[in-house]
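Only this structure's heavy atoms are used, side chains among them; waters, hydrogens and symmetry mates stay out. Every chain is numbered from 1, with letters handed out A, B, ... down the list of sequences. Note that the coordinates shown come from a computational prediction; the quantities given were computed from them, not determined experimentally.
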There are 2 protein chains.
Amino acid sequence: MYKLTTLGYAILGLLLQPMTGYGIRKVFELTPMGEYSSSPGSIYPALKRLEKELLIEQYIDFEKSVSGKKLYKLTTSGRKELKNWCLKEADLSDVQNRMNEIMLRFVFMEFFVETGIVIKFLKSVKENIDIYIEQLIGYYEKDKLSMPIHASLALEQGIGMIRANSRWAQHAIETITNNIHSD
Amino acid sequence: MYKLTTLGYAILGLLLQPMTGYGIRKVFELTPMGEYSSSPGSIYPALKRLEKELLIEQYIDFEKSVSGKKLYKLTTSGRKELKNWCLKEADLSDVQNRMNEIMLRFVFMEFFVETGIVIKFLKSVKENIDIYIEQLIGYYEKDKLSMPIHASLALEQGIGMIRANSRWAQHAIETITNNIHSD
DNA sequence: CCCCCCATGTAACATGTTACATGATTGA
DNA sequence: TCAATCATGTAACATGTTACATGGGGGG
C-alpha cells in the first residue's frame with residue numbers, strides 16, 4: 001500500500017482548512033512552516049498523489065466568490081489517515097531523527113484528541129528526549145578527550161538543541177495543563 | 001558542472017582520515033553523525049560519484065596489514081573543494097534552513113583555517129541566528145492571539161531551538177578564544 | 001496597457017530508500 | 001564449522017529540484 005511522506009501529512013494538516021494548491025505553497029513560502037519546499041514541482045504532484053489515494057478532493061466554493069474557486073479539502077478517509085498518524089506514539093528513533101515530524105503531529109493533534117492524550121504524548125516525547133540526552137552525554141564523556149575541539153563543540157551543540165526540546169516539552173505540558181484548569 | 005550534496009561533503013570530510021566505504025557507513029550508523037544515511041544504496045553510489053569527479057581516490061594500504069586494504073582518501077583537488085566549501089560564509093538562509101550544514105563546515109574547518117577565521121565565521125553565524133530569532137519573534141507576537149495553542153507552542157519550540165544555537169555560538173566563540181590564549 | 005501576483009502544471013534529472021545479493025574474514 | 005561482521009555492490013522505485021511554460025485577473 002501507499003506510504004505518505006511527511007510533506008504529504010503536512011499538506012493533509014493544512015487542508016483541515018480548505019485551500020488551493022497555491023495557498024499551500026504560500027504557507028510554506030511565507031510562514032515558519034517553511035521547512036517544506038514550496039516549489040510547484042513538489043506541491044502539485046503531491047496533491048495529485050493524495051487525490052489519487054482519495055485522501056483529499058477538490059470542490060467549487062460558491063460561498064465566497066461568484067466565480068467559484070476550486071479548493072482542496074480532506075475527505076473522510078483523509079481526515080482519518082491524518083488522525084491515525086497524529087495518534088501514533090513517538091518512540092526514541094522519532095526523537096533522534098524526526099523531531100520535525102513530531103512537532104507536525106503535535107500541531108495537528110489539537111484538532112482531534114482530548115487534552116489527556118496530548119499530555120500523554122508530550123510526556124512520552126520528553127521521556128525519549130531525556131534518554132537521547134543521556135546517550136549523547138555518554139558519547140561526549142567517553143570521547144571528549146580524544147575528539148578534536150570542533151567536533152566536541154559540535155556535539156555540545158547537538159546536546160544543547162535536544163536539551164532545549166526537553167525544556168520545551170515540559171513547558172508545553174504545563175501550558176496545556178493550565179489551559180484545562182482555566183476553562 | 002557537478003554540484004555536491006551535503007552527504008558528499010560529509011564523506012569528503014571523513015576522508016581527511018583514509019577509510020573504506022564500510023568505515024564511513026559505520027560512522028553514520030554508530031556516531032552522532034547519524035543524520036546521514038548509512039545505507040549501502042546511498043554511500044557506495046556517492047563514493048563512485050566523488051571518485052568520478054576526481055575528488056577522492058582509492059589506494060592500497062600496505063603499512064597496517066600485509067593483505068593490503070583498499071582505502072579511500074582525498075585527492076589534492078578534493079581537499080581543495082572541501083576547504084572552499086568550509087570557507088564559504090554562512091548567510092541568513094543557511095541559518096534558517098541548513099544549520100546542519102553549517103555545523104559540518106565548522107567541524108571540518110578546524111583542519112584548514114586559522115583560529116581568527118573560525119571566530120569570524122562563528123560571529124557571522126551568531127549574527128544571522130539573532131536576525132532569525134527576531135523574525136520568528138515578530139511572527140509570534142503578530143499572530144499568537146489568533147493562532148491555535150499548539151501552533152503557538154510549536155513556534156515557541158522553534159524559537160527555543162534557535163536560541164539554544166545562539167547561546168552555543170557564543171559559547172563556541174569563547175571556548176576557541178580561550179584556547180588561543182592557553183597556548 | 002502593462003506588470004505583478006494568482007494559479008497550475010510538466011519534463012529532465014539527481015538523489016536517496018528498500019530490498020536483494022554476494023563473498024571474505026574471523027572469533028567462538 | 002558456523003555465525004557474525006566486514007565489505008561492496010545493484011535494481012526498482014518514489015520523491016524532490018530546477019527550469020520552463022501557460023493563462024487569468026486586478027490595480028496603477
query: Given atom CE of A/Met1 and atom P of C/dT18, what is their separation to the nearest angstrom?
result: 12 Å

- line: Rounding to the nearest 10°, end axes of the helix from C/dC1-D/dG28 to C/dA28-D/dT1 built from five pairs each make an angle of 30°

message: Using whole Å, what does the distance between atom P of nucleotide D/dG24 and atom NZ of A/Lys70 come to?
response: 15 Å

- request: Would you classify B/Tyr36 as touching base, sugar-phosphate or nothing, given that sugar-phosphate means primed atoms plus P, OP1 and OP2, and contacts are heavy atoms under 4.0 Å?
  value: nothing

statement: For B/Ser42 and B/Leu7, the nearest pair of non-hydrogen atoms, with its separation, is O-CD2, 4.2 Å

- prompt: B/Ile11 has an atom CD1; how far is it from atom P of D/dT8, in whole Å?
  reply: 12 Å

field: Interatomic spacing from CG in A/Leu122 to CD1 in A/Ile117 - rounded to 0.5 Å
entry: 12.0 Å

Cation-pi geometry met for B/Lys70 and B/Tyr59 (6.0 Å, 45°): no

task: Mind calculating the distance between NZ (B/Lys3) and C1' (C/dC13) to the nearest angstrom?
output: 15 Å

- line: Taken to the nearest whole Å, CZ/B/Arg49 to C1'/D/dT10 is 14 Å

Distance-minimising heavy-atom pair for A/Arg105 and A/Ala90: NH2-N, 3.8 Å

task: Kindly indicate whether a cation-pi arrangement holds for B/Lys48 with B/Tyr44, taking the cut-offs as under 6.0 Å to the six-membered ring centre and within 45° of the axis.
output: no

task: Grab the OH-P distance between B/Tyr2 and C/dA14 for me, whole Å please.
output: 9 Å

message: I'd like to know if B/Met161 and B/Ile137 are part of one continuous hydrophobic network [Ile/Leu/Val/Met/Phe/Trp/Tyr, side-chain heavy atoms within less than 4.5 Å].
response: no

message: Could you report the tightest heavy-atom contact between A/Ala10 and A/Met33, atom names first, then the distance?
response: CB-CE, 4.4 Å

- prompt: If you pin A/Pro40 and A/Leu4 to their nearest nucleotides in DNA chain D, which one's is more 5'?
  reply: A/Leu4

task: Could you check A/Leu4 against A/Leu12 for side-chain contact (heavy atoms from CB on, under 4.5 Å), going step by step and ending with a plain yes or no?
output: CA-CA 10 Å; A/Leu4 280 80; A/Leu12 283 191; 3.9 Å; yes

- request: Side-chain contact test, heavy atoms from C-beta onward, threshold under 4.5 Å: evaluate it for A/Pro40 versus A/Arg25 and give yes or no.
  value: yes

query: With a 4.0 Å cut-off on heavy atoms, is B/Ser39 in touch with a base, just the backbone sugar-phosphate, or nothing at all?
result: base

field: Sugar-phosphate only, base, or nothing, as touched by B/Ser42 at under 4.0 Å among non-hydrogen atoms
entry: base

query: So what does A/Gly41 hit on the nucleic acid, given a heavy-atom distance under 4.0 Å: a base, only sugar-phosphate, or nothing?
result: base

statement: note: B/Met19, atom CE; D/dA7, atom C1'; distance rounded to Å ~ 15 Å

message: Applying side-chain hydrogen bond (donor to acceptor under 3.5 Å, both in side chains), can you list everything that pairs with B/Thr115, at least two apart in sequence or on another chain?
response: none

task: Tell me whether the OP1 or OP2 atom of C/dT10 has a side-chain N or O from A/Lys48 closer than 4.0 Å.
output: no

- prompt: Is any side-chain nitrogen or oxygen of B/Tyr44 closer than 4.0 Å to OP1 or OP2 of D/dT8?
  reply: yes

task: Taking only the side-chain nitrogens and oxygens of B/Tyr72, find out if one of them lies under 4.0 Å from OP1 or OP2 of D/dA7.
output: no

- prompt: Looking across every strand, which nucleic acid part, if any, lies under 4.0 Å from B/Thr20 by heavy atom: base, sugar-phosphate, or nothing?
  reply: sugar-phosphate

message: Short of 4.0 Å, heavy atom to strand atom, which residues of residues 22-32 of chain B count as contacting DNA chain D?
response: B/Tyr22, B/Arg25, B/Lys26

message: Counting the atoms with a prime plus P, OP1 and OP2 as sugar-phosphate, which does A/Leu7 contact under 4.0 Å by heavy atoms, base, sugar-phosphate, or nothing?
response: sugar-phosphate

query: Taking atom C1' of D/dT15 as reference, at what distance in whole Å does atom OH of A/Tyr9 sit?
result: 15 Å

